[in-house]
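Throughout, a chain's letter reflects where its sequence line sits, starting with A, and its residues are numbered from 1.
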Amino acid sequence: MNFKCITNLESYLASEHNVDRDLVEIVPELCPRDQGMDLTVNCYRLTKFFNLNPVELAKKVTNYLVLDTDIEAVECVKAFVNMTLTADSLYRDTIAKERTILDNGIIPPEEQKKILIEYSAPNTNKPQHLGHIRNNVLGNALCSLFSRIGHNVAAVNLINDRGVHICKSMIAYQRFGENQSPLDVNKKGDHFVGEFYIKFESEFRKQLESIRNEDSTLNEKSNQELFLYTEIGRAAQELLVAWEQGDEAVMSLWKLMNGWVLNGFDQTYQRMGITFDQIYYESDTYNLGKKIVLEELENKLFNLTEDGAVEIDLTDIGLDRKVVLRKDGTTVYITQDIGTTFQKYADHNPDQMLWIVGDEQIYHFKVLFAILRKMQLACSNELTHIPYGMVNLPGGRMKSREGTVVDADNLFDEMAELARAATLDRCGSSIPENIDERAETIGMGAVKFMLLKVNAKTTMTFDPEASIKFEGDTGPYVQYAYARIASILRKFENQHGDEANAAIDWKKLSSKEEKFVALQCARYGDILKKSAYDCDPAYLTNYLLELTKDFNRFYKNNSVLSAKNTCLKITRLELCKRVQLILKDGLSVLGIETLKAM
RNA sequence: GCCCCGGUAGCUCAGUUGGAUAGAGCAACAGCCUUCUAAGCUGUGGGUCACAGGUUCGAAUCCUGUCCGGGGUACCA
């Protein structure tokens, strides 16, 4: 926000108190609605700049502001100074300049950085579910957000395409797949392969039960521990060894199945509107990780344990010892992350690297970053894990065994279907031409918005019942406001187009609803920066809701097209355009599309 | 055991980094479509901010302890 009266106040207080002008920053708040004024200066907060008690300061501020010609009224309550701006200055400093509203969200060039963001990172053994959607939507929004405020962003994906979990679906396919392809059974590749992963699990469980029946002492051991006691478990392990040795038949099956899965992922990403600047494959980078670890073993950064594993001792910085190569020489999860990070740095030369990964891996990233710092990776002080919380169902965690996993593609289909039904409900007999596009845009908007309005860090509950309603704090609520504005603009063109060149006069906007909308618009730039600073699109998402609420109140009480004179009509139209501009820009940062009609 | 994160209205969540009388949506109830799209608007009810101490002009927010929930603590990912 950029109010002349506040800037003047800053200069005045700085010179009065002999404080460096540049250090003084007064961020006004929107005055609480029930106080009936426009802006509030909270003088409790100003005491950090000036050595004066808050109430005294408030009096001083009040006495100063009362003389400012931009101010219509001032009121001092305790240490809060509330003010009403003249209509002239209010609109001049908020929405008169269209460009300023958007440009306020851009940081100065010296703060702009090259940021590398890794997100999504799926396993190629099953289709993506609601948890992955949260990651994808969040990652995509953060990339747009950083880019929007002026950073140079590269988005990368890391495909987790190797390891024993991949071999599980391969084994099951070998045994039960009958050489079929996804095309043969008309299935999406990731779903096709996922069924074999489930098939493995059920077969594994069957064998477990049978060996436990034969030997009751095994009941004390966990499923994990008994993995190699089962025939199919051993087979998966053997397949992994064959894979690592580059066995031709195994590699060819692996490539075939991964191809199916990645093809399925592509469709899902496309539907979500997600693209990456580069895709890394763990099968490529794990060897680099191993190579780096062995070099650092030479350099004595890592050491050998008694039984021949390679580890690093991080107890000096309050972490544990961490094995980075197993005693059999194979790599662990963190090994490939080391390799991938060096590769990413070499490819992109970023100032900062971010990882959007679930909060259960907070410790993993602490260890990873500690290792990379010890290895003196160039930007190792600018590595950040952005953790996000799990998505639970009302009954608890999603469990594949109990069939409660919310599949991404199915969810998208269902939401689009509901959006279609709701749309058709509204338009009676005249079915819109673009009904498919509408259903998709509204359905995806609802899913994305639902996930983004909750703080990234919060473990959230996905309520299927609530998600199917497009009312209240939802994506479609915001999209609807956009469509309403589009409709007004259309009607204006058709009915009053000849008035388009009439003069705008902001001070004609005299209702409180109009003022609130303008004040809300003025916050947009700060909101973008704050949201990026917090690494959390939720802040922006909730702002868009607030703006939309204010717009809807305006819409209800102040007709644009039936305004009592042309000047008022044109000016209100301009106000609508500002709102539309912000809604479009803000939603697009969140990866949500808009519609001209709903 | 140890470490991290959380506990705010019946439910799902905000709470601008310590500031005004703790807010929204849903659900419940009551209103508003001859006026720009009712996916909307207006109103009512609903709170010991888990609990107990402490810090200060002031605490949902910071500190300590207790209880409850989640996650981590792998030569899994």
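A/Thr458 comes within 4.0 angstrom of sugar-phosphate atoms only, judged by non-hydrogen atoms across all strands, and of no base. Contact annotation for A/Asn392: no contact, since no heavy-atom pair falls under 4.0 Å across all strands. Across all strands shown, A/Lys469 has heavy atoms under 4.0 Å from sugar-phosphate atoms exclusively, and none from any base. A/Glu546 comes within contact range of no nucleotide atom at all, as no heavy-atom separation falls under 4.0 Å. Counting any heavy atom pair closer than 4.0 Å across all strands shown, A/Gln361 reaches a base atom.
Per the stacking criterion (ring centres < 5.5 Å, plane angle < 30°), A/Tyr555 does not stack onto the base of B/rC41.
Interface remark: the A/Asp307 side chain does form a donor-acceptor pair with the B/rC75 base, using a distance-only criterion of under 3.5 Å. Between the side chain of A/Asn82 and the base of B/rA20, a donor-acceptor pair under 3.5 Å is found. Donor-acceptor pairing under 3.5 Å, judged by distance alone, is absent between the side chain of A/Thr474 and the base of B/rA39.
A perpendicular orientation is assigned to the rings of A/Trp254 and A/Trp243, their planes being inclined by more than 60° (bins at 30° and 60°). Using the six-membered ring where Trp is involved, A/Phe227 and A/Phe200 have ring planes that are tilted, between 30° and 60° apart.
Residue A/Arg553 places its side chain closer to B/rU42 than to any other of B/rG72, B/rA39, B/rU42. Set against B/rC41, B/rA24, B/rA77, the side chain of A/Lys549 has B/rA24 as its closest nucleotide. The side chain of A/Tyr363 approaches B/rU73 more closely than any other nucleotide in the set B/rA14, B/rU73, B/rA38.
Note: A/Phe470 and A/Tyr480 fail the aromatic proximity criterion, with ring centroids not under 6.0 Å apart.
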In dot-bracket, 5' to 3', how would RNA chain B read with Watson-Crick or G-U wobble pairs under 3.5 Å, [ ] for crossing ones and | for pairs to another strand? (((((((..((((.....[...)))).(((((.......))))).....(((((..]....))))))))))))....
Residues 452-460 of chain A side chain polar contacts: donor-acceptor under 3.5 Å, at least two apart:
{"from": "A/Lys453", "atom 1": "NZ", "to": "A/Asp473", "atom 2": "O", "distance (Å)": "2.9"}

